Amino acid sequence: MDYIVLDLEWNQCPGGKDKENKELPFEIVEIGAVRLDEKRRYAGEFHRFVSPKVYRELHRITKDIIKLSIEDLDGGEDFAQAVKEFLEWCAESEEYIFCTWGSMDLTELQRNCRYFHVEYKAPMPFIYYDVQKLYSLCCDDGKSREALETVVDKLKIKKDVPFHSAVYDATYTARIMEDMDFDKVSAYTSVDTFEIPKSRSKEFTLDYGTYSKYVSRGFRDRDSVMHDANVISSRCHICNKAVRKKIRWFSANQKMYYNLGYCDEHGYLKGKIKIRKSQDDLFYAIKILKLTDEAGVQQIKQRQLSARQKRRNRRYKEKEKLR
């Protein structure tokens with residue numbers, strides 16, 4: 001298994017979100033990648049500039065970050081040709097997994113492929129390594145997400161090339177993978193959901209040992225998501241047995257739901273469902289189930305009380321308006 005450490009630079013509408021192309025909010029202008037072998041040793045790199053077609057003026061933030069002009073980028077290739085060459089370069093490895101710093105690169109890669117009509121069949125589920133998350137799990141609190149340069153400084157990695165160039169940022173990410181105790185956290189892959197399961201039979205659950213993650217198919221409306229049996233079911237991710245409901249699914253905002261169950265063999269299990277909207281305007285669920293302790297139980301109970309209080313406050317305000 002080789003590791004393709006990918007980094008992208010992109011531009012956005014200089015006129016702001018109101019004027020952006022909604023199908024392409026971020027246009028890729030640079031592709032950089034480093035290949036590491038199975039022992040995470042350097043085995044090659046890839047770099048292409050991409051001539052922009054949608055946003056022919058650089059956003060001020062983009063210009064400041066990448067230190068390039070439209071004229072510089074026009075020396076590059078069309079996106080379709082650049083990504084074709086990139087994917088062919090990736091395929092030189094019989095088996096590989098993408099690694100990125102953060103969670104946006106693969107989503108934007110697929111979005112650009114869709115917009116420019118480049119055929120790219122991503123695997124389902126699309127598993128990758130978010131090295132930013134892995135560093136936090138390995139060396140920090142598991143929740144914080146630090147900037148690439150901050151981590152490079154913390155690990156005292158030599159800064160011999162500039163940041164905010166796609167291939168150089170990929171190089172620094174690769175060096176972090178080499179430097180950190182990667183094996184300690186390698187089980188904690190991430191999954192990209194630019195494309196979601198097309199049917200119930202394609203839905204999937206990933207087991208990470210300490211928790212499980214389920215991704216549903218798409219639904220036409222938000223309410224249908226939380227009425228689906230697969231979405232709201234709770235099973236212990238260790239023994240796969242259905243758990244007894246202690247607190248049913250509840251929410252304060254219809255985007256995040258919580259519940260509490262009890263497995264007779266393994267104890268309390270807390271659940272969290274995030275409702276998201278896909279690129280095709282379908283609603284889908286990401287459900288995480290995790291064993292918890294008494295502190296976690298109390299946290300869920302407090303969330304439920306807060307949600308109830310918010311509902312009471314809303315009802316009170318609505319009644320006041322009618323008076």
Side-chain angles (χ1 to χ4, degrees), residues 6 8 10 12-13 17-28 54 79-80 83 87 97-98 100 102-130 133 188-208 211-235 237 242 248-259 261 270-290 303 307 311:
L6 171 66
L8 304 172
W10 51 67
Q12 60 196 88
C13 179
K17 290 186 71 66
D18 291 342
K19 297 181 180 180
E20 74 178 11
N21 185 319
K22 300 305 179 184
E23 294 181 12
L24 193 74
F26 302 107
E27 182 177 13
I28 293 171
V54 177
F79 175 79
V83 79
L87 294 173
I97 185 169
F98 283 114
T100 62
S103 59
M104 290 185 64
D105 289 85
L106 293 177
T107 291
E108 296 311 323
L109 178 67
Q110 293 170 90
R111 195 195 312 274
N112 276 250
C113 283
R114 176 184 285 193
Y115 184 85
F116 290 109
H117 307 292
V118 176
E119 185 176 351
Y120 175 51
K121 185 65 175 177
M124 178 63 71
F126 196 170
I127 304 298
Y128 70 102
Y129 281 119
D130 177 350
K133 179 184 80 174
Y188 295 101
T189 56
S190 295
V191 58
D192 182 87
T193 55
F194 179 83
E195 295 285 353
I196 61 174
K198 300 296 185 185
S199 64
R200 181 185 290 271
S201 65
K202 299 296 184 181
E203 295 176 342
F204 59 86
T205 300
L206 304 174
D207 185 357
Y208 293 100
Y211 67 95
S212 65
K213 179 183 288 186
Y214 154 89
V215 179
S216 78
R217 68 192 187 283
F219 298 83
R220 289 295 174 189
D221 59 85
R222 187 185 298 275
D223 289 342
S224 297
V225 181
M226 292 306 295
H227 284 91
D228 182 78
N230 277 12
V231 172
I232 62 175
S233 67
S234 292
R235 307 188 74 86
H237 62 86
R248 294 181 179 275
W249 292 104
F250 67 92
S251 176
N253 56 17
Q254 292 189 315
K255 292 182 179 180
M256 193 85 77
Y257 292 78
Y258 303 91
N259 86 334
K270 63 180 181 180
K272 178 171 68 175
I273 292 176
K274 300 176 186 177
I275 305 294
R276 292 183 175 175
K277 204 170 187 181
S278 75
Q279 304 303 313
D280 300 314
D281 287 329
L282 296 174
F283 294 94
Y284 69 101
I286 298 178
K287 176 175 64 182
I288 296 175
L289 297 174
K290 184 176 184 179
R303 286 185 187 277
R311 287 197 296 271

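Here the structure is a predicted model, which means the values were calculated and not measured. Values reported hereafter were calculated over all heavy atoms of this structure, with side chains retained and with hydrogens, waters and symmetry mates removed.
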Distance check, rounded to the nearest 0.5 Å: [X] atom [atom1] versus [Y] atom [atom2]?
| X | Y | atom1 | atom2 | result |
| --- | --- | --- | --- | --- |
| Glu119 | Leu87 | CD | CG | 11.0 Å |
| Met104 | Asp192 | CE | CG | 11.0 Å |
| Ile232 | Lys287 | CD1 | NZ | 8.5 Å |
| Glu108 | Leu8 | CD | CG | 8.5 Å |
| Tyr208 | Ser190 | OH | OG | 6.0 Å |
| Met124 | Glu195 | CE | CD | 6.0 Å |

If you define the side chain from C-beta out and look only at heavy atoms, does anything of [X] sit under 4.5 Å from [Y]?
| X | Y | result |
| --- | --- | --- |
| Pro197 | Phe204 | yes |
| Ile275 | Ile273 | yes |
| Asp105 | Trp10 | yes |
| Phe194 | Leu109 | no |
| Thr193 | Val215 | yes |
| Ser216 | Phe283 | no |

Closest contact, heavy atoms only, [X] versus [Y]:
| X | Y | answer |
| --- | --- | --- |
| Lys17 | Lys22 | O-NZ, 2.7 Å |
| Arg222 | Gln254 | NH1-O, 3.0 Å |
| Pro125 | Val191 | CB-CG2, 3.9 Å |
| Asn259 | Ser234 | ND2-OG, 3.0 Å |
| Arg235 | Leu289 | O-CD1, 3.5 Å |
| Ile97 | Ile127 | CG1-O, 3.7 Å |

Working for side chain to side chain donor-acceptor pair (under 3.5 Å), residues Ser251 and Asn253: CA-CA 6 Å; Ser251 176; Asn253 56 17; 3.2 Å; yes

More than 12 heavy atoms from other groups under 6.0 Å of CZ on Arg248: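 For Arg248, atom CZ is not crowded (no more than 12 foreign heavy atoms under 6.0 Å).
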
So Tyr188 and Tyr211, would you call those rings parallel, tilted or perpendicular, with 30° and 60° as cut-offs?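 Rings of Tyr188 and Tyr211: parallel, as their planes differ by under 30°.
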
Under a 3.5 Å distance rule, please check whether Arg303 uses its side chain to pair with a backbone N or O of Tyr258 as donor and acceptor.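 Checked: no pair found.
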
Can you check whether Lys272's main-chain N or O pairs, donor with acceptor, with Lys290's side chain at less than 3.5 Å?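 Side chain of Lys290 to backbone of Lys272, a donor-acceptor pair under 3.5 Å: no, none is there.
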
Worked check of side chain to side chain donor-acceptor pair (under 3.5 Å) between Asn21 and Tyr115: CA-CA 10 Å; Asn21 185 319; Tyr115 184 85; 3.1 Å; yes

So among Val231, Asp228, Leu282, which one has a side-chain contact (heavy atoms from CB on, under 4.5 Å) with Arg217?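 Looking at Val231, Asp228, Leu282, the match for Arg217 under the side-chain contact (heavy atoms from CB on, under 4.5 Å) is Asp228.
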
Run the numbers on Tyr120 and Gln110 for side chain to side chain donor-acceptor pair (under 3.5 Å), then give the verdict. CA-CA 7 Å; Tyr120 175 51; Gln110 293 170 90; over 6 Å; no

Verdict with supporting geometry, Thr189 and Tyr128, side-chain contact (heavy atoms from CB on, under 4.5 Å): CA-CA 6 Å; Thr189 56; Tyr128 70 102; over 6 Å; no

